[in-house]
2 protein chains.
Amino acid sequence: MNANNTENLSEISQPVLKRTLDIICGKWRLYIIFQLSKQDYRYGELRRMIPEVSEKVLIQELKTLVSLGVLQKRSYNEVPPRVEYGLTPKAREILPVLKEIATIGKTFLDV
Amino acid sequence: MNANNTENLSEISQPVLKRTLDIICGKWRLYIIFQLSKQDYRYGELRRMIPEVSEKVLIQELKTLVSLGVLQKRSYNEVPPRVEYGLTPKAREILPVLKEIATIGKTFLDV
DNA sequence: TGAGTTACATACCAAAAGGTTAGTGAATTC
DNA sequence: GAATTCACTAACCTTTTGGTATGTAACTCA
């Protein structure tokens, strides 16, 4: 019971928590990350892998994830354009944690 | 590269993922859970601990978390009313995972 | 010339999430 | 009899999120 008890969950700072939620909340964000954990994909490929997402939203989410530092984007100067998305090293760091996320839902689904 | 490769993140089922996001998304949900990880609190105490949240939203979130099986509510027949909230055993099970999740933001904050 | 390809942008709209404000019931204290 | 306490409810409004539909640039190929 000391002052810098890192076990105390309520000590997690608000900015850290907010950034965390930025990354995992948002309807397709985790899905995108999970797909890209296997290999890099082009924009069009991702669209076809997650058919329920709309064009606009997918681009929006990709943009956000790039700006958060989760994804990196590579554009080739070709016509028609070619753009590939992949996970950043930081994103790879947190993959094991993201994987654990699924255990939360599992615990609460079998009531 | 076999069929039941549990390492493959993209294999996480949509219902499980959805339930997970139900629990951790929502602006104050994790905050509430973290506060209650220390001890049970009354509604009014929680309000004072998270002053930025509005009355309505706090009650809303508490209700949702109860219905998800994360919190349990005990009302005492007193006047003025006394209502206490606490984590369910299932919520205690997933506390370590929640804690890890909350640290994701840290990785992406120090750029 | 004109259709196809690809990765976007833009205008617009609907639904969901979050927030403000005011009110309620019932005993207790002034 | 009036004010206080506490845990809510209800009406209403604003902001954010998600979605549709359409347009565009620039080159290739028929």
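Throughout, protein chains are lettered first and strands after them, A, B, ... in sequence-line order, and every chain is numbered starting at 1.
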statement: To the nearest angstrom, the CZ-C1' distance between R47(B) and dC6(D) comes to 12 Å
- prompt: Taking 5' to 3' order, which nucleotide of DNA chain C is first and which is last to have an atom within less than 4.0 Å of a heavy atom in chain A?
  reply: dT5(C) to dA11(C)
- prompt: What string of B, S and - do you get for nucleotides 19-30 of chain D, 5' to 3', if B is base contact, S is sugar-phosphate-only contact and - is no contact with any protein heavy atom under 4.0 Å?
  reply: BB-B---BB---
- request: Kindly say if Y43(B) contacts the phosphate of dT5(D), meaning a side-chain N or O under 4.0 Å from OP1 or OP2.
  value: no
field: P15(A): side chain to side chain contact (heavy atoms under 4.5 Å, CB included) partners, not counting sequence neighbours
entry: S13(A), L109(B)
- request: For Y76(A), answer base if it contacts any base atom (sugar-phosphate contacts may also be present), sugar-phosphate if it contacts only those atoms, and nothing otherwise; contact means non-hydrogen atoms under 4.0 Å.
  value: nothing
query: What salt bridge (Lys or Arg N to Asp or Glu O under 4.0 Å) pairs are there with at least one residue in residues 66-81 of chain B, not counting sequence neighbours?
result: D40(B)-R74(B), R74(B)-E84(B), E78(B)-R82(B)
field: Residue pairs passing the disulfide bond (SG atoms under 2.5 Å apart) test where at least one lies in residues 45-92 of chain A, sequence neighbours excluded
entry: none
- request: May I have all residue pairs that pass disulfide bond (SG atoms under 2.5 Å apart) and include part of residues 16-97 of chain B, sequence neighbours excluded?
  value: C25(A)-C25(B)
d(CG, L62(B); P, dT9(D)) in whole Å: 11 Å
message: Given 3.5 Å as the limit, does a donor-acceptor pair link the side chain of T88(A) with the main chain of G69(A), or not?
response: yes
Result block: side-chain N/O donor-acceptor pairs under 3.5 angstrom for residues 51-59 of chain B, not counting sequence neighbours:
from   : atom 1 : to     : atom 2 : distance (Å)
S54(B) : OG     : V57(B) : N      : 3.3

task: Specify the separation, in whole Å, of atom CG of L46(B) and atom P of dA7(D).
output: 10 Å
- prompt: Between R42(B) (CZ) and dT5(D) (P), how many Å, whole number?
  reply: 13 Å
- prompt: For R74(B) and dA7(D), what is the distance between atoms CZ and P respectively, to the nearest whole Å?
  reply: 13 Å
- request: In whole angstrom, give the distance that lies between atom CG of L21(A) and atom P of dT16(D).
  value: 16 Å
task: Output all residues satisfying salt bridge (charged side-chain N to carboxylate O under 4.0 Å, His left out) with K106(B), sequence neighbours left out; order by chain, then residue number.
output: none
- prompt: Taking only residues two or more places apart in sequence or in another chain, which ones pass side-chain hydrogen bond (donor to acceptor under 3.5 Å, both in side chains) with E61(B)?
  reply: R29(B)
- prompt: Taking atom P of dC6(D) as reference, at what distance in whole Å does atom CD of E45(B) sit?
  reply: 10 Å
Given T64(A), L87(A), L65(A), the one that forms side chain to side chain contact (heavy atoms under 4.5 Å, CB included) with I32(A): L65(A)
